[in-house]
Each structure stands twice: as structure tokens, then as C-alpha cells.
Amino acid sequence: MRLRTRLALAFAVLALVPLAVVVPLTLSRLRTTLSRELEARMEGATTSAQEGLERTAERARRAVEELVESTAMEDLAREARERPTQAIQASTAEGLMKSRSLTVLSLFDRQGLTLSSGHLPARRGDPDPALFAVTLQKSPRPVPVRVSVRGDSGLREMPALVTARPVDYGDSRLWAVGGVLLDEGLAQHLARLTQAEVSLLSEGTVVARAGSATAPTVERVLPLGDAAAVHLVFSRAAPLEAERGVINAFLLMAALGLGFSVLLGLLMSRRITRPVEALTEGARRVAEGSREVQVTAEASGEVGELVRAFNHMTTELRSTTERLMASERIAAWQEVARRLAHEIKNPLTPIQMSLETLLAAQSAQDARFPALFRESAGVVLEEVDRLRRIVDEFSRFARLPKPQLTPVDLSELTQSVLALYATPPPGITLLPTIQTGVVARADRDQLTQVLVNLVKNAEEALADKGGSVRVRVKGTQTDAIVEVEDTGPGIPLEHRSRIFEPYFTTKQGGTGLGLAIAARILQEHGGKLEVGGEPGEGARFSLILPRDV
């Protein structure tokens, strides 16, 4: 037998034997991995659904508490005490319910008689034992109950999350029992959260359903007391399809390996070594943190597919990293909101104590009232000024208005912004390069704010040594682009991942809000703000918007 034939047979055996060993182990591990991933996805979705229900209950609790503490309820309680038969009408609860975005609200007297019902006005004058029983709950958290509502087909029972709060006026007490229905809207919200089919059941009957799941499926149940349950149905089709795809891939590999093993063996060192080395170098650079890696080595067959897959992977990795950075910036915004709430709470205590002192002194006709008034007024004014400073600092980026999108000519807008800098500081030169006819849908005022901020930052970067600021307007088939580039010191690479975060700044006396606001404005326009340029040679900010063609 010739050596070539022996080599061909040897490569054929080498092609088949590893597959025969690896395939069963790989399939077993694949099934385990896919099962774990499905289980993890279901656990995450179940947790998300539970959190969604808790957020819904918390919103209902806050709405009922705000309603009970409102002046409207205080006036209603006073009138109910003074004019018991005239103060509360059949439509009273409906108006209060809608004003607080509730879908369930009943007002009861001490004995549990319905004075007014927003979700079922016809119940006025009748008892509602199931709903009034919520007043006996010691916990302020909403509880699941079944309530009667009127639908297209008549009266029916629906599950709801409700809580009860008393409203006292003198010796008179009313009970406000309110919450939200567990209806189609909640089912759709949970379906979007969990990416599963969601069914809301009450006593075994489906009252709402949203989403879909391809068979075969697996189900998780979230019980809500005796009143309702949430059924989450997840599809197992994707893991099974992936398993079948891997089996087919292994079978195809076995067939190809048997047919081309000899040829691949002869050409292996020459045709594979070079692209494999390039892939190795690319993988090493990716492991070191580079996200711009692309393998340019020419290859064909499976190795060529591997090169293209690697390049696609690095592209997706870069895109995923950018999305992750955007998510981190969003988390930073949420932290800012939490900080605002914390900072505002601090001045409220001395304000409240000062006002309570004044009220007590006035009620007691204390001779020290004028002195106390001056002292307390000073405290209140100081804390109010503190609140104003806090709000001014945060409101610039925490509550940006929704952009009013209209067609905006970026060349004309950029020229109007540059007109504000017609006489730049000594040593600084403005160099516009403007392509006409570049139009994007944008909020003109907000876009002007972004451009002014970028040009101002560029001038500040050149304040010490001078230089030039180049402003370019250009368009592609899909994007409208404005670039602001300076010849200043640039932005270090280690700062670029955080430069758009609120409160991150490297400037002396800076607030770190300007670029955060600009990035958020571009994000809400469906565009993005990118930073570039070589450190030490200048910075380049690119404002990219979808082009209006």
C-alpha cells in the first residue's frame, strides 16, 4: 500500500475517531448547558415578573397614600362629617380614582357600607365584605383580592392588588380602599419583561393573557394568595433547535472530514498556519482589551469562516461594549436621581421644625414670637436657598424636555452657532468646513445647546497655548454628522469610557454635566455622540444623527 494511500486512510481515521469520541460528550454537555441557560432565563424572568408585580403594588400603595393625604380627601372627610347625606356622591370615588391612575377605589364608612365606588358605581349603599376586609390588614402593602367590575359581558370578578387607609376628621372616619386590577395591561407588561407567555388566573379561570411561547414549553407559577396566580410559559424550542443544529453540524463535519481528510492533511501547514497565527494574534489583542481587531489574512473553507466569524465577533463585541457603556451611563443617571432625593430630604427637616415652632408659638401667643419668627425665617430662607441650588444643579440634566423633532438643516444651524464665536479669543482660529443640504430630524434648541457646549469645550481646551477649532458638517446616505475637533491636549484613553457620565470631569471647577447632557440629548434623538482623536494631538467629538432624506 502506497504511503499516500496510508496517509489518506490515516487522516480519514483521524478525522472520524475524534468525532466519535467528542460528539457524545459534547452533546451531553450541550444539553446540560442549554438546560442551565433555560433554567437561568426562567429564574431571571420569574424574578423580573415578581419585581414587576412588586413595583405595581408599590405604585398602587403610593397612589392610595397620596390620595389619603391630599386636601381633596381632607375636604371630603370634613364635608362627610358635616353633611353625611350630601358630601359623597356616586361619582366621587371615580374622579378620585382616575386622578391617581388607580383602577380600583371604594370609600367606606366605619361599618363597611360603600359610600362611593369608582370601579363599580352601582355598589353605592351596599356592603362589599371582600374589599372592606382589606381594612383589617396590619401591613401597608397591597394584598390580592377579587373585586367585582362591570365589563362588556356584564358583572365579573377580577383579581386586584389593593390596600386600605383611614381618613379621619374629628370623630369621623372614612376608609379608602384602592389599588389596581390585574388585567390585560399588566399581563402585557409582564410579557415584555419576561419574554414569555403570561396568563393571569383567578380561581382557575384565565382573566388576561399576553405573549406567546412556541411548543414545547415549560411553566412557572407565581401565586398571589387565594385571589390569583401568574403563569409564565417559556418555550424550549430554541434549545432543542440549537441541539439539532449542533448534531447536524457534527454529522456534516464527519462527512466532510472523511471526504477531504487527505487533501486537508496535505495542504494543512500551508493554508492554515498563516490565518491561524493571525487569529491567535487577534485573540491575544482582544484579551488585552482592544476592540478594534480585524483579521485580514486570506483563507478559505472552514478557516475562512472562522476568520469571518472572528471579525464578526469583534464587531459585535465592540457594539455590545458600547451598549454596556450606555447602560452604565443610564445607571449613573439613576444614581443621580437617588442622590437628588437624598439631598432634598435633608433641608426639609429644619424647614418643618422651624414652621412647627412658629405655629406653636403663635398658638400659645408667646411674647417671643417676633424673635422666633426672625430666627425661623432665616433658617427657612437658608434651607430654601439650599434647595434651589440643589434643584438648579440637578434639573439641568435630570429632567430634559422631550425633543420636538422637526427637519433641521445642520449646515445652517452650525453657521448660526459659529456666528456666536465670530471673534474667538486671541490665538484661537475657527475653521468651518460645511457641506450644504445635510438635514436631520432634531430639536433645534437642544441641538444648538449641544453644539455650543462642544465649541465652548474646544475653546477652553486651547485656552493655554492657542490653536485651531475645526467644525465639519457632512452627510452619508444614512447619517448626518457634525464634527468639532481641536488641536488641544486631547482626552486620555483611560477617561473616554467615562467622559459622558454625569459628574465626571477633568477640568478644574467643572461640574461634569455638559457632555452628559449632550450625550443624553443625542441618545433621545436616536443618535449618538462619539469621542476620538489621538491623545496629545487634540480631541474630536462627532455628533451623529439619522439623516432626513
Side-chain angles (χ1 to χ4, degrees), residues 32-65 101-104 139-146 158-163 179-202 204-242 316 319-338 341 520 523-524:
T32 302
T33 301
L34 293 175
S35 297
R36 288 176 179 174
E37 289 180 354
L38 178 61
E39 186 68 19
R41 185 172 76 87
M42 291 191 300
E43 287 292 338
T46 303
T47 301
S48 297
Q50 186 68 50
E51 292 173 351
L53 290 170
E54 291 176 357
R55 286 193 296 271
T56 298
E58 180 62 18
R59 285 195 295 269
R61 182 189 66 79
R62 289 199 301 267
V64 173
E65 288 182 349
S101 300
L102 298 171
T103 50
V104 175
S139 172
R141 294 175 56 84
V143 296
V145 298
R146 289 169 55 82
M158 288 284 292
L161 290 172
V162 298
T163 186
V180 292
L181 292 172
L182 304 182
D183 54 8
E184 192 75 28
L186 177 63
Q188 292 175 357
H189 174 65
L190 295 180
R192 287 192 297 269
L193 279 178
T194 61
Q195 299 297 307
E197 179 181 312
V198 177
S199 299
L200 300 177
L201 280 74
S202 179
T205 302
V206 176
V207 296
R209 176 178 283 128
S212 61
T214 305
T217 60
V218 62
E219 184 176 289
R220 290 289 178 89
V221 179
L222 291 176
L224 297 176
D226 298 330
V230 179
H231 286 230
L232 305 176
V233 182
F234 302 88
S235 174
R236 296 184 63 247
L240 294 177
E241 183 63 28
E316 288 295 316
S319 175
T320 301
T321 302
E322 292 174 353
R323 290 195 297 269
L324 181 60
M325 291 167 60
S327 298
E328 291 175 349
R329 287 194 292 271
I330 291 174
W333 285 99
Q334 294 172 339
E335 179 61 25
V336 166
R338 287 192 291 269
R520 181 177 174 186
Q523 185 179 20
E524 293 187 354

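Predicted model, so just to flag it, every value in this text is computed and none were measured. Residues take their numbers from the sequence shown, with the count starting at 1.
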Pairs where residues 43-56 contributes a residue and the test salt bridge (Lys or Arg N to Asp or Glu O under 4.0 Å) is met, not counting sequence neighbours | Glu43-Arg220

Smallest separation among heavy atoms of Gly179 and Ala60, with atom names = CA-CB, 4.1 Å

dist Glu58:CD -> Thr163:OG1 (nearest 0.5 Å) comes out at 10.0 Å

Indicate the atoms forming the closest heavy-atom contact of Phe234 with Ala45, along with that distance.
-> CE2-CB, 3.4 Å

Residue that, paired with Pro159, satisfies side chain to side chain contact (heavy atoms under 4.5 Å, CB included) out of Leu201, Leu186, Val207, Leu224 | Val207

Between CG on residue Leu102 and CG on residue Leu181, distance to nearest 0.5 Å = 10.0 Å

So, for Leu193 and Ser48, which heavy atoms are closest and what is the spacing to 0.1 Å?
-> CD1-O, 3.9 Å

The complete set of side-chain hydrogen bond (donor to acceptor under 3.5 Å, both in side chains) pairs with one or both residues in residues 183-198, sequence neighbours excluded, reads none

Considering residues at least two apart in sequence or located in another chain, which fulfil the side-chain hydrogen bond (donor to acceptor under 3.5 Å, both in side chains) criterion with Ser199?
-> Arg209

Using the salt bridge (Lys or Arg N to Asp or Glu O under 4.0 Å) rule, collect all pairs that involve residues 222-235, keeping only residues at least two apart or in two chains.
-> none

Given the options Leu190, Val230, Leu200, Leu182 meets side chain to side chain contact (heavy atoms under 4.5 Å, CB included) only with Leu200

Output all residues satisfying salt bridge (charged side-chain N to carboxylate O under 4.0 Å, His left out) with Glu241, sequence neighbours left out; order by chain, then residue number.
-> Arg244

Results of side-chain hydrogen bond (donor to acceptor under 3.5 Å, both in side chains) for Glu37 - residues two or more places apart only | none

